[in-house]
Amino acid sequence: MENNKKTQFDEHRSIEIISQMIAQTTADIDRDSGKYFLLWGYTTVIVSLFEYFGYTSGANISTISWFWWLIPLVGGTGTLWLNYQQNHNQERRPKSYVDRSVSAVWTVIGLSYGMIFIAALVYKTNILFLTAVMMSIGTVISGKICQHRVLTVAGKASMILALLFPILHLLIKEYNTTIQNYCIEYIEYVLYSEIIIFAIIFTVMMIIPGHILYNRAKRLRNA
């Protein structure tokens with residue numbers, strides 16, 4: 001009888017320990033994912049708004065366009081720093097299959113985007129639209145791998161919002177057929193409004209889910 005009770009106690013304790021380990025791992029994944037999404041999300045949105053107000057205030061377009069490079073510069077540097085912190089953290093957890101899978105997804109997305117970026121410059125296509133779509137794809141896949149509904153929903157919502165780019169250009173094309181009836185400054189503001197769309201997409205795709213994941217990680221770690 002005592003052996004049965006001891007066995008039941010050991011089983012209960014084992015299940016409790018395993019549950020705690022799963023909760024801890026989930027919290028770590030949420031926290032790490034949230035940091036990366038917040039880093040890239042805030043960097044992209046801040047730079048986008050800076051570009052918008054720069055363009056609309058009459059600044060030199062050729063000069064201010066160089067500030068777009070702050071996104072990969074700040075985001076890339078920040079990513080390297082976060083990776084360094086994780087690798088040198090005394091309490092760091094071993095890389096799981098989920099970590100490796102998500103890392104592989106974003107590596108492929110990054111390399112693919114590099115090729116698309118070059119093509120966009122050569123063929124003069126809308127780089128903001130392509131960027132939004134590529135990042136949305138990466139977010140949806142990450143959400144599926146990590147089983148984070150918030151990432152999956154955010155990625156899909158961003159894909160839908162990306163349709164505003166072609167819709168906007170169709171409207172501009174319509175305006176151009178009777179451009180003599182419109183002020184050229186108004187047309188420019190319509191063109192620059194795609195930057196606002198870009199900022200909104202990254203807010204939905206990265207900033208909002210980033211905060212949700214990070215806050216959930218804090219709750220799991222404190223539970």
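Just so it is clear, the values below take in all heavy atoms, side chains as well, and ignore hydrogens, waters and symmetry mates. These numbers come from a predicted model, not from an experiment.
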Report the C-alpha distance between Ile46 and Phe202 in whole Å, list the side-chain angles of each, state the deciding distance to 0.1 Å, and finish with yes or no for side-chain contact (heavy atoms from CB on, under 4.5 Å). CA-CA 10 Å; Ile46 291 172; Phe202 268 81; over 6 Å; no
Test side-chain contact (heavy atoms from CB on, under 4.5 Å) applied to Ile200 and Val45, step by step: CA-CA 8 Å; Ile200 292 173; Val45 170; over 6 Å; no
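Minimum interatomic distance between Ser112 and Met134 (heavy atoms only, all atoms of both residues): CB-CE, 3.7 Å. Of all heavy-atom pairs spanning Leu128 and Asn126, the tightest one is N-OD1, 3.0 Å. Contact between Thr77 and Leu73 at its shortest, heavy atoms only, is OG1-O, 2.7 Å.
Of the residues Leu38, Leu39, Thr44, the one that meets the side-chain contact (heavy atoms from CB on, under 4.5 Å) test with Tyr42 is Leu38.
Counting heavy atoms from C-beta outward, Trp106 and Met135 have side chains that approach closer than 4.5 Å. Side-chain contact between Ile127 and Tyr113: present, with at least one pair of heavy atoms (C-beta onward) separated by less than 4.5 Å. In this structure, Val47 and Phe198 have side chains that are not in contact, with every pair of non-hydrogen atoms separated by 4.5 Å or more.
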May I have the list of side-chain donor-acceptor pairs in residues 149-167 shorter than 3.5 Å, sequence neighbours left out?
from	atom 1	to	atom 2	distance (Å)
Thr152	OG1	His148	O	3.3
Ser158	OG	Ala154	O	2.8

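Both Trp66 and Ile64 are assigned to one and the same hydrophobic cluster, defined by single-linkage of ILVMFWY side chains at heavy-atom distances under 4.5 Å. The hydrophobic clustering, which links ILVMFWY residues whose side-chain heavy atoms are closer than 4.5 Å, places Leu121 and Trp69 together. Linking Ile, Leu, Val, Met, Phe, Trp and Tyr residues whenever their side-chain heavy atoms come within less than 4.5 Å leaves Val108 and Ile145 in two separate clusters.
A distance of 4.5 Å separates OG1 in Thr139 from CZ in Phe37, rounded to the nearest 0.5 Å. To the nearest 0.5 Å, atom OG1 of residue Thr131 and atom CZ of residue Phe117 are 8.0 Å apart. Taken from CG in Asn83 to OG in Ser103, the straight-line distance is 7.5 Å, to the nearest 0.5 Å. Rounding to the nearest 0.5 Å gives a distance of 12.0 Å between CG of Leu213 and CE of Met206.
Under the rule for a side chain to side chain donor-acceptor pair (under 3.5 Å), the partners of Tyr55 that lie at least two apart in sequence or sit in another chain are Glu51, Ser65, Trp68. Residues passing the ring pair (Phe, Tyr, Trp, His ring centres under 6.0 Å) test with Phe67 are Phe50, sequence neighbours excluded.
Relative orientation of the Trp81 and Tyr84 rings is parallel, given thresholds of 30° and 60° on the angle between their planes.
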